[in-house]
Amino acid sequence: MSQPGQIAPELIVSQWFNTPEPLSLEGLRGSVLLLHAFQMLCPGCVAHGTPQAEKAHRLFKGAGLKVIGLHTVFEHHAAMTPIALDAYIHEYQLTMPIGVDQAGEGTPMPVTMGRYHMRGTPTHILIGRDGRILHHGFGQEEDMALGARIAAALERK
């Protein structure tokens, strides 16, 4: 698992949704970033993690928080195509930018998932304005706890 204090590794994305141009951590430096890794067939992501990330995107947008969804497929590869993801984004009315984690070579683990040493989905990674990891959470996180972490990160200058 990526540790707090480490510089967040760059995202390696094969396709973007909900953004007119590709995003990079370097380009977002100066903003607080919430990276939400999910799979559309992950029950915890569908029921809690992805709606929570979308809510953070909408609530904190004007406060300096950038939320990026990362569709990181490490199982059921044939079912989770970009075409299916596009339908999922439309169905769940997701407006946050979403990148498709680049597939790993010779391994089921996608590249960015491996770089961050994620254990699965949902995963939330909070990155400070300086590009350092502030929090790496796996599984369901309470709304209030995540909101408090975001608020604290936004207060840091």
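In what follows, every heavy atom counts, from backbone to side chain, and hydrogens, waters and symmetry copies are set aside.
- In summary, R149 and E141 engage in a salt bridge, as defined by a charged side-chain N under 4.0 Å from a carboxylate O.
- The shortest distance between side-chain heavy atoms of I68 and L28 falls below 4.5 Å.
- By the 30° and 60° cut-offs, the orientation of the rings of H71 relative to F38 is tilted.
- The structure places CG of D101 at 4.5 Å from CG of L70, a figure rounded to the nearest 0.5 Å.
- Nearest heavy-atom pair across E54 and Q93 is OE2-O, 4.0 Å.
- Closest of all the heavy-atom pairs between A53 and H124 is CB-NE2, 4.1 Å.
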Taking it one step at a time, do H36 and T50 satisfy side chain to side chain donor-acceptor pair (under 3.5 Å)? CA-CA 7 Å; H36 167 63; T50 304; 2.9 Å; yes

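- Looking at heavy atoms from C-beta onward, T72 lies out of side-chain contact with M109 at the 4.5 angstrom threshold.
- Across all non-hydrogen atoms, the minimal contact from P9 to R115 is CG-O, 3.7 Å.
- The hydrophobic cluster around M144 extends to none of the other residues, as no ILVMFWY side-chain heavy atom falls under 4.5 Å of it.
- Between I125 and M118 the shortest side-chain heavy-atom distance falls below 4.5 Å.
- Hydrophobic clustering (ILVMFWY, side-chain heavy atoms < 4.5 Å, transitive): I98 and L65 are in one cluster.
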